[in-house]
Number of protein chains: 2
Amino acid sequence: MREVAQQASVSVATVSMVLNDNPRISKATQIKVRRIIDKLGYRPNRLAQSLSSQYTRVLAVLLPPLRHAFSDPYFGELLSGICDRADRLGHKVMLESAKPDFLRERKHMELFERRFVDGMFCLGVNDRHHFIKDFAAAGFPMVCVNNYFPDLKLDYVVADYRSGAEQVMNVLLQLGHKKIALIAGASETQTIRDIMGVYSARMGDAGFETDESWIADGRFTEEGGAAAADEILERHPETTAIFACNDKMALGAMHRLVELGKNVPGDVSVVGFDDIQQMAFVNPSLTTVHLPLYEVGARACELLVQRVRGKAQKVAERMPAHLVLRDSTSIVSGRGQ
Amino acid sequence: MREVAQQASVSVATVSMVLNDNPRISKATQIKVRRIIDKLGYRPNRLAQSLSSQYTRVLAVLLPPLRHAFSDPYFGELLSGICDRADRLGHKVMLESAKPDFLRERKHMELFERRFVDGMFCLGVNDRHHFIKDFAAAGFPMVCVNNYFPDLKLDYVVADYRSGAEQVMNVLLQLGHKKIALIAGASETQTIRDIMGVYSARMGDAGFETDESWIADGRFTEEGGAAAADEILERHPETTAIFACNDKMALGAMHRLVELGKNVPGDVSVVGFDDIQQMAFVNPSLTTVHLPLYEVGARACELLVQRVRGKAQKVAERMPAHLVLRDSTSIVSGRGQ
DNA sequence: GTTAACTGCTTAAACAGTTTACCAGATCAT
DNA sequence: ATGATCTGGTAAACTGTTTAAGCAGTTAAC
């Protein structure tokens, strides 16, 4: 920068102002300086800029410490939305995994304290993750992505799980299903509780009271989904439909059903949640709820950037979800009754 | 830092040396200063550290600009390995997407020039991506992950595609298959050419000469795999086995086969490549080649960090792959002959 | 007729560290 | 006693930006 200033016979401050399109710089100086910049191939050092301006223009994404978190299409789709939008807003995205060590050493706070990042996204958090309160307490910008905490004053952007669940229950009931089981994930997650609430309510409305024996925990994984399917069929062999709270569990359940010699959807209908890409290509293709994950991520990013700039107030948005009917659901079969 | 120095009645230089475990600092001063640091909750500003030390300890991952790149388990697994190892080595990971604009504006170079990052990983690149030469030319540390360029002097870490392909061909031939088709990806990719080379050679060895009518391009996607399956069956209805160069294409092909009323593996065996996690849970579960993607990513990270520190020489490693037999392959059926 | 707000630019301080050259005192060999 | 070496520390220069304050002259507002 000094070199540019020298060659253009102006001060470094002027060069700085040229770079920042400060209106106080005359057209002539603008052009003169820019010409030298191009000639010299000068690029401002972002570390120095950040040091001085107090903004790093870097955002962190905190992912749960699952072995396959990065290769999980669910998180991937959120990440995709976040990254695309961040790029458009001139921000970089950094990846972090919320390992126990990471949290114990308060690294999630260090990210801010040491000026690594301006803001943070939390993905896959639930009520047991007490650390999320730290951000708000310290006044660091943070947005919960596709999750929320009614009791805490935290920013969030979330897909409409209730509406999605309503649509699933409607279609299953209309297809004549009465023996509907639910494969849930961790009930420490508010969105899962939303689905469970809708499930119980709609079953009750339809006159088919269910108890917790109709609900199994699939731990959000394929293996868990398979195990949950086992549990359910053992407790209720008369089950004609299984509603899983995410696609991975639905896939695991479906795989297990086929292994057990059941026909999907002939004997048992299966419905997922999320609509991750592959689900159109499994056999049978999976009926599921499409969540606008990309858009949720993108919107969260927009709002986080506003927060960083001190603009946004309370951030809380809910984005629409819709059912995608495929081949894993059908009208209840005669003998299923 | 000034505050710490003052309270400990030493200079800021001393505080800096304490933080960096400089041996010139006495035990007594060490302890005295550290006590004040803890008391004040002081955290060194990484921007200032980087500005001064010339190292950012940030690495960038350049992903191809595919709509679902982030949610692709293939990239996810590589990313997972990279991130875990980077964390252990005290480095942060930044995400970048190689969009046309990005490259046109030389942003991939700016990342280095503006001191954003110390090094870079390139994922999913092929011979058409001329920009990869820029790094070497400018002397910026870069490692190609799970891909390589025999003609260029670039660092890389790659899974052993040839050995994987050998294993596939061995098992298919042993199962009695003769009419084996190949679904390839972009032939601009060296690893794909490796597979194609093995395929042709082994078919030739076994006395079953094939020509390009037995090879279709599946563009690495499920849709492409499905279309490729169509092509192949149209040209060669007698096909008894399909070998796809990645799992996504295998899944697409399998889905199409089932749609066409074929039984997998009864009528047609299908083999994939990569062993992404879900493939154990599709119907039928997919026989595929397990690539140590996590390890490839981790190793690439180790080597990149060494490169950044100026230690490593030429980096070029190949990691072993092995076949995973599942339910999508079987002995060739009588009528298939 | 005074005050205030421009004009386009410069100077210097601030941002928060690291590193190098140097220094005073202690230790050691001659 | 003298010079050489070691020890533990300091002051100052350095990294590359942004930004507040200021310069002297012009113009608009009250």
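Side chains included, hydrogens not; waters and symmetry mates left out as well; all remaining heavy atoms used. Note on naming: letters A, B, ... go to the chains in the order of the sequence lines (proteins, then strands), and numbering restarts at 1 for each one.
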Student: With no hydrogens and no angle check, do the side chains of B/Gln49 and A/Arg114 hold a donor and an acceptor under 3.5 Å apart?
Tutor: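 Side-chain D/A pair, B/Gln49 to A/Arg114: present.
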Student: Report which part of the nucleic acid B/Leu47 touches: base, sugar-phosphate, or nothing (heavy-atom distance under 4.0 Å, all strands).
Tutor: nothing
Student: Mind checking whether B/His129 and B/Phe131 have parallel, tilted or perpendicular rings, split at 30° and 60°?
Tutor: tilted
Student: Using whole Å, what does the distance between atom P of nucleotide C/dC15 and atom CD of B/Gln49 come to?
Tutor: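 It works out to 17 Å between those atoms.
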Student: With respect to the phosphate group of C/dC15, does any side-chain polar atom (N or O) of B/Asn45 fall under 4.0 Å of OP1 or OP2?
Tutor: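 So the side chain of B/Asn45 is outside the cut-off, no N or O lying under 4.0 Å from OP1 or OP2 of C/dC15.
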Student: Can you tell me which nucleotide in D/dT17, C/dG8, C/dT18 comes closest to the side chain of A/Met1?
Tutor: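 Among D/dT17, C/dG8, C/dT18, the one nearest the side chain of A/Met1 is D/dT17.
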Student: If you assign each of A/Ser9 and B/Pro44 to its closest nucleotide in DNA chain C, which residue comes earlier from the 5' end?
Tutor: A/Ser9
Student: DNA chain C: B/Met17 or B/Tyr42, which has the more 5' nearest nucleotide?
Tutor: B/Tyr42
Student: May I ask you to evaluate whether A/Arg2 reaches the phosphate of D/dT15, defined as a side-chain N or O under 4.0 Å from OP1 or OP2?
Tutor: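 So the side chain of A/Arg2 is within the cut-off, an N or O lying under 4.0 Å from OP1 or OP2 of D/dT15.
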Student: Respond yes when some side-chain nitrogen or oxygen of B/Ser52 is under 4.0 Å from OP1 or OP2 of D/dT15, and no when none is.
Tutor: no
Student: Please confirm whether any donor atom in the side chain of B/Arg43 sits under 3.5 Å from an acceptor in the base of C/dG17, or the reverse.
Tutor: no
Student: Any side-chain heavy-atom pair from A/Arg85 and A/His91 closer than 4.5 angstrom?
Tutor: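 No, their side chains stay 4.5 Å or more apart.
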Student: Rounded to the nearest angstrom, tell me the gap between atom CD in A/Glu3 and atom P in D/dT17.
Tutor: 12 Å
Student: Does any non-hydrogen side-chain atom of B/Tyr74 lie less than 4.5 Å from one of B/Leu123?
Tutor: no
Student: With a 4.0 Å limit, can you tell me whether A/Ser26 has a side-chain N or O closer than that to the phosphate oxygens OP1/OP2 of C/dC9?
Tutor: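 Yes, because at least one side-chain N or O of A/Ser26 sits under 4.0 Å from OP1 or OP2 of C/dC9.
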Student: For A/Leu51, report the nucleic acid contact type (base, sugar-phosphate, nothing); a contact means any heavy atom under 4.0 Å.
Tutor: base
Student: Can a side chain N or O of A/Thr29 be found less than 4.0 Å away from OP1 or OP2 on C/dG8?
Tutor: no
